[in-house]
**Q** 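Let me give you the structure first, and then I'll get to my questions.
The model shown is predicted, which means the values in this text are computed figures rather than measured ones. Order of the sequence lines fixes the chain letters, A, B, ..., with proteins taken first and strands second; residue numbering starts at 1 for each chain.
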Protein chains: 2
Amino acid sequence: MSKAKLLVVEDDPNLGDILKEYLEMKGYEPTLCRDGEEGWNKFKKDKYDLCLMDIMMPKKDGFTLAKEIKKVQDDLPILFLTAKNQKDDIIEGLRIGADDYITKPFSMEELLLRVTAILRRTQKSQEVTQLKVYKFGDFELHYDEQILDGPKGKHKLTSKENELLRILAAEMNKLVNRSHALKQIWGDDSYFNARSMDVYLSKIRKILKDDPKVQIITVHGEGFKLIVGDA
Amino acid sequence: MSKAKLLVVEDDPNLGDILKEYLEMKGYEPTLCRDGEEGWNKFKKDKYDLCLMDIMMPKKDGFTLAKEIKKVQDDLPILFLTAKNQKDDIIEGLRIGADDYITKPFSMEELLLRVTAILRRTQKSQEVTQLKVYKFGDFELHYDEQILDGPKGKHKLTSKENELLRILAAEMNKLVNRSHALKQIWGDDSYFNARSMDVYLSKIRKILKDDPKVQIITVHGEGFKLIVGDA
DNA sequence: TCAGCCCGTTAAATATTGTTAACCCTAATA
DNA sequence: TATTAGGGTTAACAATATTTAACGGGCTGA
């Protein structure tokens, strides 16, 4: 796990130095630029994880720089450092495309919170963006969306149907222990919950009829299997 | 909930008195010291929640005092009061482990903001960090402005809609527990509040129809998920 | 083989959630 | 002070989800 690289564009030399020192101290790798033009040059040379920039800067303002950067690398998160007395319409304009903003004067702690929040979010979305999908036969179970996409159209599933089918699909062609599934979904293996599960199995089987290759078979006294035969 | 104890070390008698009086008025329990040495003695005698200190002081300067304090109690947050443009002082202070700084002259409101921010942060360290802009699908939620910017225009949100959507957006693609959201927004999980939340969910879903990739899924008996599908 | 349990299915009963509209405040305005 | 507009809550009703009940068929072991 290497340090996150931050592009810091700030023309106030005091604040710039403070930012750089502070962010370094907190385990980041900041590159400080004094104006928008320098920021643009650094951006072209290297790859960054996050960009912090002032709005009002000589040579090239933050708004312009942000737009240019977004054109090249749309997913680079940008955190604007804005002055409090900035006109509303400017703020309005720069909202588009900014991932966040913080108004001066701000505390270092506030800034750090923002930076970590953005990085956490973007890093997460790089990993977990993939919504879970299970495929079996002509079906696709979109678990996160609670949708079963089959050969005869999409079926909206209820939460319980969704959970149950996911367990079966995850163990495709393998036995799913009855009691195990019950504990997973209902928390405990009781008579009524078991009957409930049977009701849902029945509903799911109805949908699965859309593809004759797919069926749920019962292993008496043991559990169930989602089996996928050949064409 | 007792008053937070503040150790205030400031050699300027005018500023010191003003600080003490103001902080008392705001419900804190400040102890005023005139120099670093006195500050050190008070620190040893009592337990404090936060320390505000000047840097340039007779007998023992702020840096020295801060270092000594940190050696004994590393987690005591320190807020430095620095003269304007003393960049090196600020950096040095942050390096020592100050949690924040504020440059003189400052307004009392400004100071209060810092103090409350630090105390809030240290008292409940597991606070959810709050961004100002949340993006999901073709939407941008501008939390501060209570505006949801979508593919078919901007929607002004009421504060409840705003809060609710923020919670969902912060946990994008993940389950948000019903009761948790209720406690966050309404303070308690009661029948009528729950019904109220359902009303707001309905309103939000109407707006989210502007982008078919985005939807709020119900997990029966559990909570909700803001789902962002693929194109 | 047959009693008894296990399971499949359907339907009814409950519980939870979705939606709309009426109602109640409060704060701004005339 | 009366009026109004907006936000929030409550009420009422609709739609779904889940559980329970009821009935019947099938499997299994004595």
**Q** Within the distance-only criterion (no hydrogens, no angle test), does the side chain of A:D54 pair as donor or acceptor with the backbone N or O of A:G62 below 3.5 angstrom?
**A**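 The answer is no, because no donor-acceptor pair under 3.5 Å joins these two groups.
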**Q** Distance check needed: C:dT16 C1' versus B:F192 CZ, whole Å only.
**A**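 Spelled out: CZ on B:F192 to C1' on C:dT16 is 15 Å.
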**Q** Name the residue from A:V8, A:L6, A:D100 that meets the side chain to side chain contact (heavy atoms under 4.5 Å, CB included) definition with A:L50.
**A**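 For A:L50, the side chain to side chain contact (heavy atoms under 4.5 Å, CB included) test succeeds with only one of A:V8, A:L6, A:D100, which is A:L6.
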**Q** Could you tell me whether a side-chain N or O of A:D99 sits under 3.5 Å from a main-chain N or O of A:L79, the two making a donor and an acceptor?
**A**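 Such a contact is absent between A:D99 side chain and A:L79 backbone.
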**Q** Give, ordered by number, those residues of residues 152-172 of chain A having at least one heavy-atom distance below 4.0 Å to an atom of DNA chain C; if nothing qualifies, reply none.
**A**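 Nucleic-acid contacts, sorted: none.
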**Q** Testing the 3.5 Å rule here: is there a donor-acceptor pair between the side chains of B:N173 and A:D144?
**A**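 No, no side-chain donor-acceptor contact under 3.5 Å.
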**Q** May I have the distance from B:Q215 (atom CD) to C:dT17 (atom C1'), rounded to whole angstrom?
**A**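 Spelled out: CD on B:Q215 to C1' on C:dT17 is 16 Å.
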**Q** I want to check one thing: is the phosphate of D:dT19, taken as OP1 and OP2, less than 4.0 Å away from some side-chain N or O of A:W186?
**A**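 True: A:W186 side-chain N/O within range (under 4.0 Å) of D:dT19 OP1/OP2.
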**Q** Round to a whole Å and report the spacing from CD1 of B:I204 to C1' of C:dT17.
**A**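 After rounding, the reported distance stands at 15 Å.
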**Q** Base, backbone or nothing for each nucleotide of nucleotides 3-9 of chain C, written B, S, -, heavy atoms under 4.0 angstrom, 5' to 3'?
**A** ---SSBB
**Q** Within this structure, what is the NZ-CD1 distance for the pair B:K225 and B:I217, rounded to the nearest 0.5 Å?
**A**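 CD1 of B:I217 is found 6.5 Å from NZ of B:K225.
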**Q** Under the side chain to side chain contact (heavy atoms under 4.5 Å, CB included) test against B:L182, which residue among B:N177, B:D189, B:L164 passes?
**A**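 The residue from B:N177, B:D189, B:L164 that satisfies side chain to side chain contact (heavy atoms under 4.5 Å, CB included) with B:L182 turns out to be B:D189.
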**Q** If I take atom CG in residue B:N193 and atom P in nucleotide C:dT17, what distance separates them, rounded to the nearest angstrom?
**A**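 Rounded to whole Å, this separation is 14 Å.
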**Q** Could you measure the distance from the CG atom of B:L165 to the CG atom of B:L157? Nearest 0.5 Å is fine.
**A**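 Reported to 0.5 Å precision, the distance equals 6.5 Å.
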**Q** Let me know, please, whether A:M197 or B:Y200 comes out on the 5' side of the other along DNA chain D by nearest nucleotide.
**A**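 Its nearest nucleotide lies further toward 5', so the answer is B:Y200.
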**Q** What residues, two or more places apart in sequence or in another chain, satisfy side chain to side chain contact (heavy atoms under 4.5 Å, CB included) together with A:D138?
**A**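 In terms of side chain to side chain contact (heavy atoms under 4.5 Å, CB included), with neighbours along the sequence ignored, A:D138 is linked to A:P151, A:D211, A:K213.
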